[in-house]
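Computed from a predicted structure; not experimentally measured. In what follows, every heavy atom counts, from backbone to side chain, and hydrogens, waters and symmetry copies are set aside.
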Amino acid sequence: IWQVAQADDKSVILEWNNGRGQVFNRTFILNGNTYALKITDAVTNTTANTFELSPFAQVHRIGIPSNKDNNGFLPGAGSRMFSGAEGYVDGDFTRAKFKKLDKKGPQQVTGEGGWWGLTGGYFLTALVANDDVPATYQFRSTPRAGGNVLSLIHISEPTRRAPISY
């Protein structure tokens with residue numbers, strides 16, 4: 001369904017036309033000097049009518065990393081690195097180790113702006129919200145053979161998209 005609309009050595013733009021007048025673009029930008037990958041979404045409304053959509057994103061990780069080796073990275077004797085879910089929304093910082101998600105069940109926060117992510121070793125995978133749009137973030141762990149699925153889910157409040165004027 002998605003087609004490559006544009007590509008070069010640092011970015012790719014995928015496009016999907018839903019056949020009802022809305023065109024969805026997903027842009028992947030790779031920073032060649034790091035492991036950073038930025039993904040952004042955009043929607044263009046080519047109809048004469050306003051429509052409503054609720055932005056939704058999710059990240060999944062299979063298996064809980066071992067605290068013993070910090071996911072294969074050994075920063076030094078006695079060092080401890082945090083592995084878990086963490087986020088900053090509406091001025092509040094929240095953090096939960098992966099194993100606590102198994103015991104406590106899903107954790108949820110609603111607010112405007114901020115970010116939530118899954119960390120392990122030196123890496124963070126984060127979902128970053130628009131500053132002025134209310135959103136709900138949820139961390140959860142789902143049992144599965146071969147390792148639990150750790151999920152980070154982001155759902156924004158519905159927004160209205162007006163037609164594009166040319």
Q.
Applying the side chain to side chain contact (heavy atoms under 4.5 Å, CB included) criterion to Phe24, which one of Asn17, Ile1, Leu14, Val43 satisfies it?
A. Val43
So, taking the atom named [atom1] in [X] and the one named [atom2] in [Y], what distance separates them when rounded to the nearest 0.5 Å?
X: Trp2; Y: Trp16; atom1: CH2; atom2: CH2; value: 7.5 Å
X: Thr40; Y: Phe28; atom1: OG1; atom2: CZ; value: 9.0 Å
X: Asn49; Y: Arg20; atom1: CG; atom2: CZ; value: 13.0 Å
X: Ser11; Y: Lys38; atom1: OG; atom2: NZ; value: 11.5 Å
X: Arg61; Y: Leu150; atom1: CZ; atom2: CG; value: 7.0 Å
X: Glu157; Y: Glu52; atom1: CD; atom2: CD; value: 10.0 Å

Q: Only counting residues at least two apart or in another chain, list the ones meeting side chain to side chain donor-acceptor pair (under 3.5 Å) with Gln58.
A: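 Counting only residues at least two positions away or on another chain, Gln58 forms a side chain to side chain donor-acceptor pair (under 3.5 Å) with His60.
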Q: Output all residues satisfying side chain to side chain donor-acceptor pair (under 3.5 Å) with Asp41, sequence neighbours left out; order by chain, then residue number.
A: Arg26
Residue list, side chain to side chain contact (heavy atoms under 4.5 Å, CB included) with [X], at least two apart or on another chain:
X: Val59; answer: Leu118, Thr125, Leu127, Leu152
X: Ala36; answer: Asn31, Thr34
X: Asp9; answer: none

Q: Report yes if the side chains of Ile62 and Arg144 come closer than 4.5 Å at any heavy-atom pair, otherwise no.
A: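 Ile62 reaches Arg144 side chain to side chain.
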Q. Are Ile39 and Val4 in one and the same hydrophobic cluster, where Ile, Leu, Val, Met, Phe, Trp and Tyr link if side-chain heavy atoms are under 4.5 Å apart?
A. yes
Q | Stepwise side-chain contact (heavy atoms from CB on, under 4.5 Å) check, Val109 with Trp116 | A | CA-CA 10 Å; Val109 171; Trp116 279 61; 3.1 Å; yes
Q.
Enumerate the ring pair (Phe, Tyr, Trp, His ring centres under 6.0 Å) contacts for residues 39-59, please, sequence neighbours excluded, ordered by first and then second residue.
A. none
Taking all non-hydrogen atoms of both residues into account, name the closest pair between [X] and [Y] and its distance.
X: Val89; Y: Trp115; result: CG2-O, 4.1 Å
X: Ser141; Y: Asn148; result: OG-ND2, 3.2 Å
X: Arg140; Y: Ile153; result: NH2-CD1, 3.1 Å
X: Leu124; Y: Gly117; result: CD1-CA, 3.9 Å
X: Thr159; Y: Pro55; result: OG1-CD, 4.4 Å
X: Lys10; Y: Asp8; result: N-OD1, 2.8 Å

Does the [X] side chain pair with the main chain of [Y], one donor and one acceptor, at a distance under 3.5 Å?
X: Thr94; Y: Glu86; answer: no
X: Thr119; Y: Gly84; answer: yes
X: Asn45; Y: Gln22; answer: no

Q. Taking everything shown except Arg160 itself, do over 12 heavy atoms lie less than 6.0 Å from its CZ?
A.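 For Arg160, atom CZ is crowded (more than 12 foreign heavy atoms under 6.0 Å).
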Q: Report yes or no: do Gln138 and Gln108 form a side-chain donor-acceptor pair below 3.5 Å?
A: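 Yes, because at least one side-chain N or O of Gln138 sits under 3.5 Å from a partner of the opposite role on Gln108.
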